[in-house]
There are 2 protein chains.
Amino acid sequence: MSTERRSFRREPEERRREQLITAALDLMAEGGPKAATVRAITDRAGITPGLIRHYFSSKDELIRAAYRYSMERMTAQGAAAADAVAGDDPLAALAALVRSSLRPPVMEGERVRLWAGFLHMVHREPAMREIHEATYLGFRDEVQRRIARLPHVTGPDHARRLAIAVNAVIDGLWLEGGTLPGCFAGAEIEEIGLTAVSAILGVALPGSAGEV
Amino acid sequence: MSTERRSFRREPEERRREQLITAALDLMAEGGPKAATVRAITDRAGITPGLIRHYFSSKDELIRAAYRYSMERMTAQGAAAADAVAGDDPLAALAALVRSSLRPPVMEGERVRLWAGFLHMVHREPAMREIHEATYLGFRDEVQRRIARLPHVTGPDHARRLAIAVNAVIDGLWLEGGTLPGCFAGAEIEEIGLTAVSAILGVALPGSAGEV
DNA sequence: CCCTTAGTTATACGTTTGTATAATTTTTCG
DNA sequence: CGAAAAATTATACAAACGTATAACTAAGGG
């Protein structure tokens, strides 16, 4: 009983690479780094294990590409949220940034766990570390740029420290909201985020309560 | 050339379990979950691989015990920092809590990465999830209890939302300070933390700048 | 001092992992 | 339409993984 070879279709290189990357990211988000084995990845991508090394020189290189891909996607989504605000009111833009960071699809358990799963590789491999720092600093710079335009901010150093604090609240709420979804009601985290950022900046962001 | 058996000493059960647990935690902190193999753990603990199953029914159970151990240790350290404050001034206690959370040994890259490495297991296994939630809520409740004693806080719900925000700033700064140690100068993170918490609470914590 | 008990080592086993390579099929081009 | 080229499958392999078990050795009580 000679088992038949499975039929296949040739695909452009870029498409295959993306299939492999998204398969790896999905698996890592669902089951952690250990779930993203070569066989599981190629299974989900609809190909056979041997093909992985036709598009990436090793599994590690695929994982690196996947990390780069996921970070670029996240950055693009964040930037889009802020740019979507009509006009150039810095308060409205900051509020939009806070809101979009603290609700799906950004604030999601799988997203947080995916990020956490990469942390060790990020620390070890310089290439991934650079991506990590650039992404963090990129987001923070965007926050800082809008903060610098607020009337009562005294200078670049002041704006920088405000941005660090604002970024921290967002990150902390993102973390807690993502990992403990049952502990918060509805849009509670968004409201708390807006109110806390308002307090830190000493301004009233649209949508925040008068008091924290 | 018959190789000699290595000599050994019998040790009490508790000691062996602790050796295995700390070895596992060290390895996970340094190289991630994937570095904590049975052989690496027993090597570092100074014993041979077969012995691991004499003290734990499986490797997974050892990892669970290690997670419980690390969380209990962290909670105890945090509580000690706040209790060490003389008198019962809630502002001084909150400031001490913020400070101790934002400097070593709590704010350290290895600590953050260890925590991140556990995240997936925490999500999957109910027993670990309970520990995670209890630890988070335990810390937050302690923060909330001190906040509730501030004169201008209106009620339990107000205190709760303030505690969530304060906890988020601390977590966010802990994360960023731990993973990007080169991006911040000296005690900068501590100062930013104190000033941000002061702004959120609408009080002046000792050690914070007048403005954020 | 020997003998029992249990802690410890040594060895082995089946599985899974990442990778390498040969065989085969699809696509393309003359 | 046939042949060359390239993508894809199938198979194999060494290494490492968690685990099971047998052999040994340290410790304690008679």
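The structure displayed is predicted, hence computed values, not measured ones. Convention: sequence-line order gives letters A, B, ...; per-chain numbering from 1.
- Comparing B:Pro12 and B:Arg39 by the nucleotide of DNA chain C that holds the closest heavy atom to each, the one mapping nearer the 5' end is B:Pro12.
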Heteroatom pairs (N/O) under 3.5 angstrom, protein to nucleotides 25-27 of chain C:
{"from": "C:dT26", "atom 1": "O2", "to": "A:Arg10", "atom 2": "NE", "distance (Å)": "3.1"}
{"from": "C:dT26", "atom 1": "O2", "to": "A:Arg10", "atom 2": "NH1", "distance (Å)": "3.2"}
{"from": "C:dT26", "atom 1": "O2", "to": "A:Arg10", "atom 2": "NH2", "distance (Å)": "2.3"}

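- Distances shorter than 4.0 Å separate none of the side-chain N or O atoms of B:Tyr55 from OP1 or OP2 on C:dG7.
- The NE2 atom of B:His54 sits 16 Å away from the P atom of C:dA10 (whole-angstrom rounding).
- Here D:dG18 presents its C1' atom at 17 Å from NZ of B:Lys34, a figure rounded to the nearest Å.
- Across residues 15-33 of chain B, B:Arg16 each have a non-hydrogen atom less than 4.0 Å from an atom of DNA chain C (numbered order).
- Note on ring orientation: taking the six-membered ring where Trp is involved, the planes of B:Trp115 and B:Trp174 are perpendicular (angle over 60°, cut-offs 30° and 60°).
- Using a 4.0 Å cutoff on non-hydrogen atoms, the parts of residues 45-53 of chain A near DNA chain D are A:Ile47, A:Thr48, A:Gly50, A:Leu51, ordered by number.
- In this structure, B:Glu176 and A:Tyr136 have side chains that are in contact, with non-hydrogen atoms separated by less than 4.5 Å.
- For A:Arg103 (side chain) and A:Glu190 (main-chain N/O), no donor-acceptor pair under 3.5 Å exists by modelled atom type.
- Between A:Arg161 and A:Asp157 a salt bridge is recorded (basic side-chain N to carboxylate O distance below 4.0 Å).
- Within the 4.5 Å cutoff, the side chain of B:Tyr69 has heavy atoms near those of the B:Thr22 side chain.
- Atom CZ of A:Phe56 and atom C1' of C:dT19 are 16 Å apart (whole Å).
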